[in-house]
Amino acid sequence: MIRVQREDFDIGIELSALTRGKTGIGGVASFVGLMRDVADGTPIHAMTLEHYPGMTERELQRIELEAQQRWPLLASLIVHRYGRLEPGDRIVLVATASAHRAAAFESCEFLMDYLKTKAPFWKQEETPDGPRWVAAAATDDLAASRWRKD
Amino acid sequence: MIRVQREDFDIGIELSALTRGKTGIGGVASFVGLMRDVADGTPIHAMTLEHYPGMTERELQRIELEAQQRWPLLASLIVHRYGRLEPGDRIVLVATASAHRAAAFESCEFLMDYLKTKAPFWKQEETPDGPRWVAAAATDDLAASRWRKD
Amino acid sequence: MKLLYFAHLRAKIGIAEEQLDPPPGVGDVSALIEWLKRRNTRFAEALREPRALRVAVNQTYVGWHHPLKPGDEVAIFPPVTGG
Amino acid sequence: MKLLYFAHLRAKIGIAEEQLDPPPGVGDVSALIEWLKRRNTRFAEALREPRALRVAVNQTYVGWHHPLKPGDEVAIFPPVTGG
């Protein structure tokens, strides 16, 4: 399941809903991205996440489907926020559930790596010198490339 | 932080408490172990987790400290339950927080692998043929061995 | 054809969205980018570095030689930075 | 010396905990296990397979040749299955 929303989310409620009634699940790996108060040594007061409505949902669904095809998942969830956020705010939640932990961990990391390089979101940070757009990280491309099946 | 308890836990509350005020945290990886209703093809009605009070806490603290020494963690948490559990019940929560996601994911998986092979807990399952003790999995030893620094 | 621009591309170009029909010779993504760059200096500047551009047609990532047809939704944006 | 048994070792031996002082010759973990096995058939059966035993002295894992002293807390248990 995927959701793109302005509102915050509650991880406990999300994971309970995800696993409810599915007693074949042995483990749930999850990742929560939080807004940091500093980037490259510059203090960040706030951040605005822009996205491409329509394509964002399609990309997240495509990424989720790929994870389901590669690992024996019993449930999965991606929740990504947009709009203005402040330090400490939750940005994204990715959760994957499987009978055993290895598949849950791997697929959760895969989803985060792909989401970072494919989902059409852009961050603009508010710094003491004014707003600046976040540049894509080469380390994110590298992280995503290790999942490629050659 | 580590806790060994009979009571259930709320992941949302735990993770919020773990990261509160620490705005240098960029990501929190977590894992929740749940009780499955089947093991090796046998239906499991319930399970009792026995532990070694005192040593359990020491081992969890030792494992957590090792993760903190190996990765740049800004916060970490292990909560492990004992007592009688039913299918779908939460057994364990491991969460690690860092500035970047790779350290959070790796250390979370490390903690789960070490906990599985070192923390003195034992599971007794209730099956249609009566109670049986869970045997240690060779795959868990294998998973833990990959973190050894030779 | 519907054109969309995001993030600092949108900021540089000065518009988020427009309806336009490029001339018949503009048959693929590459040709569209070249044609847009000739419209004015804002476009020329925003689309200057091809490696810093990502293009989606009808909300799916496409390559430089993807063919275009009337009615397509074409989005041009910088590398993504979500998550 | 305080001895603790857990999980199916406890079930096989029939006790969870006992206070006892092994004879002076029993100086390490290995000697303790051998001495316990000679106490009765329950111990002999429970401690039969050394590779299926884990030992902690004063709540820390130790190897087969770890020395023992009066007052130690010695726990013997099967491989753990938590998590």
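Contact of the A:Arg101 side chain with the B:Asp140 side chain is registered, since non-hydrogen atoms from C-beta on lie closer than 4.5 Å.
For the set B:Ala104, B:Gly88, B:Cys108, the entry with the most heavy-atom pairs within less than 4.5 Å of chain A is B:Cys108. Here B:Gly24 is the residue among B:Gly24, B:Pro87, B:Ser16 with the most heavy-atom pairs under 4.5 Å with chain A. In terms of non-hydrogen atom pairs under 4.5 Å with chain A, the most contact-rich of B:Val92, B:Ile11, B:Val32 is B:Val32. Comparing B:Gly33, B:Ala29, B:Gly26, B:Gly12 by heavy-atom pairs within less than 4.5 Å of chain A, the highest count is held by B:Gly26.
Both the backbone and the side chain of A:Ile25 come within less than 4.5 Å of a heavy atom in chain B. Contacts of A:Asp113 with chain B are made by both backbone and side-chain atoms, with heavy-atom separations under 4.5 Å. For a residue to count as touching a neighbouring chain, one of its non-hydrogen atoms must lie under 4.5 Å from one of that chain's; by this rule B:Thr19 touches chain A with the side chain only. Residue contact with chain A, scored on non-hydrogen atoms closer than 4.5 Å, is absent for B:Arg20.
A salt bridge does not link B:Lys22 to A:Asp37: none of the charged nitrogens lies less than 4.0 Å from a carboxylate oxygen.
From A:Thr23, atom OG1 reaches atom CD of B:Glu86 across 11.5 Å, with rounding to the nearest 0.5 Å.
Separation of the A:Phe31 and B:Phe105 ring centroids falls under the 6.0 Å cut-off.
The two atoms that bring B:Arg36 and A:Ala99 nearest to each other are CD-O, 3.6 Å, heavy atoms only.
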